[in-house]
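Data first, discussion second: the structure below is written as structure tokens.
The sequence lines fix the lettering, A, B, ..., with proteins before strands; numbering per chain opens at 1.
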Number of protein chains: 2
Amino acid sequence: MSIEYSIRELADEFGVTTRTLRFYEEKGLLSPKRHNHTRTYSNADRTRLRLILRGKRLGLTLEESASIILMYDSKTGNTEQLEALITKIRGKRNQLIQQQRDLELMLLDLKVAEDRCIQSLTKV
Amino acid sequence: MSIEYSIRELADEFGVTTRTLRFYEEKGLLSPKRHNHTRTYSNADRTRLRLILRGKRLGLTLEESASIILMYDSKTGNTEQLEALITKIRGKRNQLIQQQRDLELMLLDLKVAEDRCIQSLTKV
DNA sequence: CATATAATTTACGTTAACGTAAACGTAAAC
DNA sequence: GTTTACGTTTACGTTAACGTAAATTATATG
């Protein structure tokens with residue numbers, strides 16, 4: 001009972017265009033099955049799309065998202081590969097943690113700016 | 001005793017190229033003084049640059065960073081403008097808060113991936 | 001069966017954010 | 001005085017991430 005989606009359904013659900021889905025496929029980020037020439041997306045595709053869009057909101061490039069997804073469902077056996085993967089994962093995590101700090105700083109700045117606006121309004 | 005910087009000093013300090021600094025100026029994000037044709041950056045310019053690069057790490061476009069900087073040092077008097085500004089600031093904050101959630105989710109995913117890697121390594 | 005609807009491929013266009021190269025001015029150092 | 005180092009402007013090139021348009025095919029519906 002694996003659910004499947006048409007390209008339009010998926011596009012509408014996530015608020016992207018069909019062009020975008022085809023483009024992601026072209027870049028190897030999605031790989032829907034074909035039902036006599038027309039694309040059929042599985043739940044796995046849907047999950048991938050969710051990860052890609054989350055990555056976009058965080059400012060990742062498609063390539064970065066692709067590499068993260070690869071990490072995520074990589075069933076590598078080779079020890080060397082695994083250690084390389086761990087290194088990569090930790091590197092990415094450090095970037096994200098830096099982002100967290102940046103985010104908090106920017107939220108603080110915005111709060112200061114807003115407070116000053118409000119003050120400016122009330123002390124008429 | 002306001003400190004000033006050459007284009008190279010500033011570029012080196014922040015790890016960007018001089019081209020980048022000139023480009024930001026062209027886009028109105030920086031406005032260094034000219035000392036007989038050569039650019040001289042003030043502390044204010046330096047702060048702006050820091051904000052711009054922070055924005056970049058968060059995936060903002062230069063235009064967005066510019067608008068945030070405008071909010072930040074806007075001394076607007078007009079009530080209407082101030083209220084518009086507050087609305088804008090709150091909108092941006094909501095985006096950032098969504099980013100925070102995305103970030104935490106992605107960090108979790110990466111942790112899961114790493115743990116699986118490590119397990120894969122130890123259960124040889 | 002004709003027509004409307006949605007899918008497909010192919011391909012050129014677009015924008016942001018710089019890179020890169022050319023051609024030139026200036027000032028210190030050898 | 002000329003080489004070296006750094007600055008300047010002008011301008012064309014590049015990459016990512018799609019947009020957009022054209023031409024074609026397949027399915028459904030009246």
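Near DNA chain D, defined here as any heavy-atom distance below 4.0 Å, the residues from residues 50-62 of chain A are A:K56, A:T61, A:L62, listed numerically.
Every residue was checked against the side-chain hydrogen bond (donor to acceptor under 3.5 Å, both in side chains) condition with A:R116, not counting sequence neighbours, and none meets it. Among residues two or more places apart in sequence or in another chain, the side chain to side chain contact (heavy atoms under 4.5 Å, CB included) test is passed with B:K111 by A:R93, B:D115.
In this structure the side chain of A:L49 never reaches within 4.5 angstrom of the side chain of A:L29, judged on heavy atoms. Annotation: side chain of B:D45 is in contact with side chain of B:S42 (closest heavy-atom distance under 4.5 Å).
For the pair B:Q100 (side chain) and A:Q100 (backbone), a donor-acceptor distance under 3.5 Å is absent.
Hydrophobic clustering, with ILVMFWY side chains joined whenever heavy atoms are under 4.5 angstrom apart, keeps B:L103 apart from B:L108.
Using a cut-off of 4.0 Å between Lys/Arg side-chain N and Asp/Glu carboxylate O, A:R46 and A:E13 are scored as salt-bridged. With respect to B:R54 and A:D109, a salt bridge is recorded, a charged nitrogen being found less than 4.0 Å from a carboxylate O.
In 5' to 3' order, the nucleotides of DNA chain D bounding all contacts with chain B (an atom under 4.0 Å from a heavy atom) are D:dG7 to D:dA11.
Results of the salt bridge (charged side-chain N to carboxylate O under 4.0 Å, His left out) test with B:E25 over B:K33, B:R19, B:R48, B:R34 single out B:R34 as the only residue that passes.
Comparing B:N36 and B:E63 by the nucleotide of DNA chain C whose heavy atom lies nearest to each, the residue mapping closer to the 5' end is B:E63.
Between the side chains of A:Q98 and A:D102, at least one donor N or O sits under 3.5 Å from an acceptor N or O.
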Please lay out, stage by stage, how A:N43 and A:Y5 fare under the test side-chain hydrogen bond (donor to acceptor under 3.5 Å, both in side chains).
-> CA-CA 8 Å; A:N43 261 329; A:Y5 312 84; 2.9 Å; yes
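With the 3.5 Å cutoff on both pairing distances, Watson-Crick and G-U pairs in DNA chain C assemble into runs of at least 3 at C:1-30 with D:1-30.
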Using the 3.5 Å cut-off, write out each protein N or O paired with an N or O of nucleotides 7-9 of chain C and the distance between them.
{"residue": "C:dT8", "atom": "OP1", "partner": "A:R39", "partner atom": "N", "Å": "2.8"}
{"residue": "C:dT8", "atom": "OP1", "partner": "A:R39", "partner atom": "NH1", "Å": "3.0"}
{"residue": "C:dT8", "atom": "OP2", "partner": "A:R22", "partner atom": "NE", "Å": "3.1"}
{"residue": "C:dT8", "atom": "OP2", "partner": "A:R22", "partner atom": "NH2", "Å": "2.7"}
{"residue": "C:dT8", "atom": "O5'", "partner": "A:R39", "partner atom": "NH1", "Å": "3.1"}
{"residue": "C:dT9", "atom": "OP1", "partner": "A:R34", "partner atom": "NH1", "Å": "3.3"}
{"residue": "C:dT9", "atom": "OP1", "partner": "A:R34", "partner atom": "NH2", "Å": "3.4"}
{"residue": "C:dT9", "atom": "OP2", "partner": "A:R39", "partner atom": "NH1", "Å": "3.0"}
{"residue": "C:dT9", "atom": "OP2", "partner": "A:R39", "partner atom": "NH2", "Å": "2.7"}

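Atom CE in A:M106 sits 14.5 Å away from atom CZ in A:R101 (nearest 0.5 Å).
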